[in-house]
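Model, not experiment: these values are computed from the prediction.
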Amino acid sequence: MKFKFWCKTLHRFGLAHSRSYLIINYFRLTYGLYFKRYYFSQNSPQNVKSPFPNKVVISIIDKRCHCGLSDRLRGIISSYLLCKKYSIPFKIYFAYPFNLESFLVPNKVDWHVDKDAIIFNANSLPVQLYSFGREGEDKIQEKWLTHFIKRSYSQIHIYTNAQFCLKPDIYSSIFHELFKMSDKLQDEIDKYLQDIGEKYISMTFRFQQLLGDFKEYRGDGEEWEILTVEESNRYITRCLQKIEDVHKKYGKKILVTSDSNTFLQKVATYPFVYVVFGKLIHMGSTYEKGYENHKKAFIDFFMIANAELIILARTGKMYRSGFPFSASLVNNRKFEYIEF
């Protein structure tokens with residue numbers, strides 16, 4: 001009966017396009033086969049009880065999460081939004097491929113939790129829910145997570161990049177309620193803001209692996225397409241021209257962020273462009289750990305968040321990233337998507 005109910009619900013919201021899609025999401029949504037060996041196998045310590053006096057929801061980011069920074073943050077914020085609404089204690093366990101508290105620490109909410117306090121057995125309910133970018137998806141995600149966080153388990157473990165928090169008034173308020181930058185990251189951001197020295201706008205160009213200098217893998221484990229040298233040069237030329245057009249329109253310094261060092265090296269020669277160089281990796285496609293390996297993503301995120309106008313620019317086979325839009329919500333800044 002439950003399966004038929006969710007099938008009808010998916011159809012109602014226009015989210016179901018095939019039987020296989022329904023089956024996949026039913027098992028992802030509940031504690032299906034993917035989690036069986038972690039929670040219900042003989043290796044799981046079934047007699048361990050939760051150390052918390054009441055039910056707690058824990059947003060978990062570990063080796064089973066393969067999405068980027070903005071996806072992880074929006075999943076955390078969406079989960080907390082419901083916990084706040086229903087007065088359920090909320091924690092964050094973000095331990096892979098780095099410890100979140102190296103970059104973001106608790107602000108008004110004590111969400112810190114030690115690994116030893118998390119129980120992976122039948123006393124916990126794991127909920128895995130991913131976004132697929134379908135119309136109306138945010139509504140059904142909110143209903144689903146609401147249903148599961150209300151269930152009677154000692155711990156509810158949420159694995160999600162749910163996006164129903166992506167509204168300026170909601171995201172900004174919740175983000176600052178949960179997070180503030182660590183002293184180390186704050187010092188880095190202050191240094192770059194002082195260096196840029198004036199108000200600025202930002203432009204983001206997401207090539208994935210098109211230019212051949214950034215490793216990223218699809219969901220099936222295969223690498224993304226790499227363009228020929230001739231095609232790459234055409235893309236770069238078009239993007240550089242768009243940056244010039246934007247500068248002519250606004251007359252302000254432009255922070256340019258990208259996942260291609262090849263492109264950043266080209267654009268950095270413009271006197272009105274500001275670039276933060278550093279190691280470029282996608283946290284969902286790497287096993288590299290540590291602060292230094294991942295700080296570029298956080299620096300870009302908060303430098304974008306401090307821009308007066310935030311632009312995502314895309315052409316051809318480039319990726320429509322959600323990264324700059326999420327950053328624009330942190331401080332309620334204007335966002336613009338340019339397709340050319």
Side-chain angles (χ1 to χ4, degrees), residues 28-29 31 50-62 64-65 67-96 98-115 117-119 124-131 137-182 185 283 297-298 301-302 305 322-323 325-332:
R28 278 181 170 171
L29 179 66
Y31 43 79
S50 175
F52 299 102
N54 301 304
K55 180 175 74 174
V56 63
V57 169
I58 305 175
S59 182
I60 296 184
I61 310 292
D62 58 12
R64 285 156 280 187
C65 181
C67 50
L69 176 60
S70 61
D71 290 76
R72 298 177 190 214
L73 290 176
R74 80 187 191 203
I76 290 170
I77 291 172
S78 292
S79 300
Y80 173 67
L81 185 62
L82 294 181
C83 290
K84 182 178 180 179
K85 180 178 180 179
Y86 296 103
S87 300
I88 302 173
F90 177 77
K91 301 291 181 180
I92 302 171
Y93 180 70
F94 190 136
Y96 189 86
F98 53 80
N99 188 326
L100 180 62
E101 291 177 65
S102 296
F103 300 96
L104 298 176
V105 297
N107 191 12
K108 299 177 182 179
V109 177
D110 181 16
W111 47 258
H112 172 82
V113 62
D114 293 321
K115 183 178 181 179
I118 305 174
I119 54 172
S124 295
L125 174 67
V127 181
Q128 185 186 26
L129 177 60
Y130 288 130
S131 294
E137 191 177 52
D138 54 342
K139 296 178 182 179
I140 193 69
Q141 286 175 343
E142 186 170 0
K143 287 181 179 294
W144 276 340
L145 284 185
T146 298
H147 168 76
F148 283 102
I149 68 169
K150 287 183 173 182
R151 296 188 66 178
S152 299
Y153 283 81
S154 298
Q155 296 185 5
I156 313 289
H157 297 171
I158 308 294
Y159 303 79
T160 188
N161 63 344
Q163 59 183 7
F164 56 84
C165 66
L166 294 181
K167 298 175 183 177
D169 54 333
I170 294 175
Y171 190 100
S172 180
S173 173
I174 298 298
F175 186 94
H176 292 292
E177 191 171 328
L178 287 174
F179 305 118
K180 62 181 179 180
M181 283 184 272
S182 66
L185 180 60
M283 63 182 63
F298 284 90
F301 188 79
F302 284 105
F323 188 85
F325 177 65
S326 292
S328 74
L329 298 177
V330 172
N331 296 318
N332 283 334

### Query
Within the side chain of Ser124, is there an N or O that forms a donor-acceptor pair under 3.5 Å with the backbone of Ile119?
yes
### Query
When you measure from the side chain of Ser79 to the backbone N and O of Ser59, does any donor-acceptor pair fall under 3.5 Å?
no
### Query
Taking C-beta and beyond as the side chain, do Leu104 and Ser182 meet within less than 4.5 Å on heavy atoms?
no
### Message
Looking at Gln155 and Ile118, would you say the former's side chain and the latter's main chain have a donor-acceptor pair under 3.5 Å?
### Response
no
### Query
Nearest 0.5 Å, what's the CD1-CD1 distance between Ile77 and Ile170?
11.0 Å
## Note on the structure
Between the CD1 atom in Ile158 and the CG atom in Leu145, the distance rounded to the nearest 0.5 Å is 5.5 Å
### Message
Just to verify, what does Phe103 make a ring pair (Phe, Tyr, Trp, His ring centres under 6.0 Å) with, not counting sequence neighbours?
### Response
Phe98, Tyr291, Phe298
#### Entry: Minimum heavy-atom distance Leu125-Phe148, with the two atoms named
CD2-CD2, 3.7 Å
### Query
Is there a side-chain contact (heavy atoms from CB on, under 4.5 Å) between Ile92 and Ile60 once you walk through the steps?
CA-CA 6 Å; Ile92 302 171; Ile60 296 184; over 6 Å; no
#### Entry: Over all atoms of both residues, closest heavy-atom pair of Cys83 and Ile149
N-CD1, 4.3 Å
### Query
Which heavy atom in Lys91 sits nearest to a heavy atom in Asp110, and how many Å separate them?
NZ-O, 2.9 Å
### Query
Can you tell me how far the CD1 atom of Ile156 sits from the CD1 atom of Ile88, to the nearest 0.5 Å?
7.5 Å
### Message
The test is side-chain contact (heavy atoms from CB on, under 4.5 Å); show your working for Cys165 and Tyr80 and say whether it passes.
### Response
CA-CA 10 Å; Cys165 66; Tyr80 173 67; over 6 Å; no
### Message
For Ser50 versus Ser154, what's the shortest heavy-atom pair and its separation?
### Response
CB-CB, 3.7 Å
### Task
Take Gln141 and Gln163 through the side-chain contact (heavy atoms from CB on, under 4.5 Å) test and state the conclusion after the steps.
CA-CA 8 Å; Gln141 286 175 343; Gln163 59 183 7; 3.7 Å; yes
### Query
In chain order, what residues pass the ring pair (Phe, Tyr, Trp, His ring centres under 6.0 Å) check against Phe179, with sequence neighbours excluded?
Trp111, Phe175
### Message
Tell me every residue that passes side chain to side chain contact (heavy atoms under 4.5 Å, CB included) with Asn99, counting only those two or more places apart in sequence or in another chain.
### Response
Glu101, Ser102
### Query
Could you go step by step and tell me if Phe90 and Leu178 meet the side-chain contact (heavy atoms from CB on, under 4.5 Å) rule?
CA-CA 10 Å; Phe90 177 77; Leu178 287 174; 4.3 Å; yes
## Note on the structure
When every non-hydrogen atom of Pro51 is compared with those of Ala117, the smallest separation belongs to CD-O, 3.3 Å
### Donor-acceptor contact below 3.5 Å, side chain Thr160 vs main chain Leu129
yes
#### Entry: Parallel, tilted or perpendicular: ring planes of Phe323 versus Phe301, cut at 30 and 60 degrees
perpendicular
## Note on the structure
So OH of Tyr159 and CG of Asp62: to nearest 0.5 Å the spacing works out to 5.0 Å
### Task
Spell out, as yes or no, whether a donor-acceptor pair under 3.5 Å connects the side chain of His176 to the backbone of Val330.
yes
### Task
With sequence neighbours excluded, tell me which residues meet ring pair (Phe, Tyr, Trp, His ring centres under 6.0 Å) with Phe325.
Phe335
### Message
Going by the rule side chain to side chain contact (heavy atoms under 4.5 Å, CB included), which residues pair with Pro89 if we only count those two or more places apart in sequence or in a different chain?
### Response
Val56
### Query
Which atom names give the shortest non-hydrogen contact between Arg72 and Tyr96, and what distance separates them?
NH1-O, 3.0 Å
### Task
Supply the atom-to-atom distance Leu329 CG to Ile174 CD1, rounded to the nearest 0.5 angstrom.
12.5 Å
### Task
With the side chain counted from C-beta on, respond yes when Glu177 and Lys84 share a heavy-atom pair under 4.5 Å apart, and no when they do not.
yes
### Task
Give a yes or no answer on whether the side chain of Thr146 reaches the backbone of Glu142 with a donor-acceptor pair at less than 3.5 Å.
yes
### Task
Answer yes or no: is there a side-chain heavy-atom contact under 4.5 Å between Tyr93 and Leu100?
no
#### Entry: Gap separating the CG atom of Asn107 from the CE atom of Met181, nearest 0.5 angstrom
11.0 Å
### Query
Just by modelled atom types, is the Asn161 backbone N or O under 3.5 Å from a matching donor or acceptor in the Asp71 side chain?
no
### Atom NZ of Lys55: over 12 foreign heavy atoms under 6.0 Å
yes
### Summary
Phe164 meets the ring pair (Phe, Tyr, Trp, His ring centres under 6.0 Å) criterion, sequence neighbours left out, with none
